[in-house]
Amino acid sequence: MTTPTPLPPGSTIGSLPPGSTIGIVGGGQLGRMSAIAAARLGYRAHILTPSPGGPASQVAAATTIGPYDDPETLRTFAAAVDVVTFEFENVSAQGLDLLAALKPVHPSPAILRVSQDRITEKSFINAAGAATAAWVPVTTRADLQHAAQSLGFPCIVKTARLGYDGHGQAVLHTETDLDSAWEHLTPKPLIAEAFIDFACEISVVVARGQNGAAVAFDTVENRHRNHILHLTLAPARITADLANQARATALNLATALDLVGLMAVEMFVSADGRILVNELAPRPHNSGHWTLDACPASQFELHIRAVAGLPLPPAIRHADAVMRNLVGPDDMTLWPAILATPGLIPHHYGKSEPRPGRKMAHVTRLFPRGSLPGDLGVLSALGPVAPEAE
Ligand code: AMP
């Protein structure tokens with residue numbers, strides 16, 4: 001680290017000189033790819049994680065091991081870094097507050113708080129002028145009954161906090177589903193949402209610097225399998241008007257949040273052609289991994305640049321791309337075939353155990369700009385990792 005004296009709370013840091021240390025809370029693959037981007041810009045990455053030897057620590061200059069909510073661990077970590085960011089959202093906001101009293105934290109703990117609670121998040125999105133599915137907060141069993149009545153069936157109920165990859169949610173088809181959803185979904189409160197008959201799911205990754213300048217990557221299309229992202233197609237195969245609306249929405253939300261850092265905005269394109277925002281993720285995002293290979297500056301580089309106070313280059317794309325996630329354990333049996341297939345760009349996360357549902361790696365295939373093929377072409381271009389081959 002280069003600044004022995006802690007900066008006053010809330011201060012900004014200007015541009016961090018090379019050799020400075022960027023603290024990353026979280027030790028997974030998003031931290032790993034952010035740490036690699038930091039190293040390319042001359043920074044040292046210092047990881048805070050409870051588990052030693054994880055994906056990020058393997059490529060970082062240093063690691064502090066300890067619980068995210070332990071004040072002593074947090075103080076030790078803060079003393080070793082110049083600026084703090086985070087790579088996942090289920091870290092305690094109080095922990096980030098403690099760090100923010102010692103070093104600049106980007107994005108701010110206030111933004112984390114918005115994204116950690118679906119009720120706060122949806123209220124914020126609507127107040128910023130963006131549309132969402134109709135939603136109702138649910139704190140009692142009676143609320144759930146009223147929500148289902150007002151939204152109609154089917155509708156979807158989610159825990160307001162601590163959900164991820166489809167965990168903590170249930171689709172209600174009839175009155176008879178209410179009891180089981182109420183019993184199984186914890187913690188309370190819940191949020192009930194109208195079920196969107198979507199044409200496709202899309203996302204936009206946006207970066208915003210300390211001077212308020214923001215850039216957004218092209219809108220991409222996301223396909224899920226078992227509630228986990230399976231494929232990202234860049235660009236999304238939607239009209240230019242919708243793609244531009246989605247980017248404008250993401251940029252507007254970044255400004256409304258006063259974001260410094262990176263954020264993904266997940267959205268639906270409804271069957272009747274409206275953009276509805278589903279979620280905000282104020283960190284690098286799985287649907288932005290294609291930018292590592294298809295863009296001069298990836299989402300991870302923009303993340304580090306924003307956090308370090310560097311200028312943000314335009315988020316341009318020199319190729320079309322398809323990104324395919326490899327999830328444990330079955331997908332990893334394809335790894336030797338992936339390595340033997342020209343044109344598939346492999347990214348392994350260095351995790352030792354391919355547990356079921358665990359994201360282990362991804363591969364990207366590039367296409368000349370403007371030539372992303374239709375579904376069948378995408379499948380054949382993915383070779384051994386085409387869904388039919390499984
Ligand atoms: P989430 O945890 O909110 O990202 O939801 C996970 C997945 O569930 C999304 O990617 C959608 O495929 C689906 N989903 C979530 N909310 C809705 C909704 N209101 N209507 C239809 N599908 C939804």
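Remember, it's 1-based here, ligands and their atoms both numbered in the order they're listed.
Considering backbone and side-chain N/O of I196, one or more are found under 3.5 Å from N/O of ligand 1.
The closest approach between a heavy atom of H227 and any atom of ligand 1 is not below 4.0 Å. Note on ligand 1: C155 sits outside its first shell, no heavy atom being nearer than 4.0 Å.
The pair D117-K122 does not meet the salt-bridge criterion, since no charged nitrogen lies less than 4.0 angstrom from a carboxylate oxygen.
Residue contact check: A194 has heavy atoms under 4.0 Å from atoms 18 (C), 19 (N), 20 (N) of ligand 1.
In this model, no donor atom of one side chain and acceptor atom of the other lie less than 3.5 Å apart for N278 and T132. No hydrogens or angles considered: nothing links the side chains of T255 and N252 as a donor-acceptor pair under 3.5 Å. When only modelled atom types and interatomic distance are considered, H285 and S203 share no side-chain donor-acceptor pair under 3.5 Å.
Taking the ring axis of W182 as reference, the NZ or CZ atom of K188 stays within 45° of it and closer than 6.0 Å to the ring centre.
For W335 and H348, the ring centers sit closer than 6.0 Å to each other.
When heavy-atom distances to ligand 1 are checked against a 4.0 Å cut-off, N222 has no atom that comes that close, whether in backbone or side chain.
Between atom 12 (O) of ligand 1 and the options E121, E201, R118, the minimum heavy-atom separation is to E201. With K158, H224, Q169 as candidates, the residue nearest to atom 7 (C) of ligand 1 on a non-hydrogen basis is Q169.
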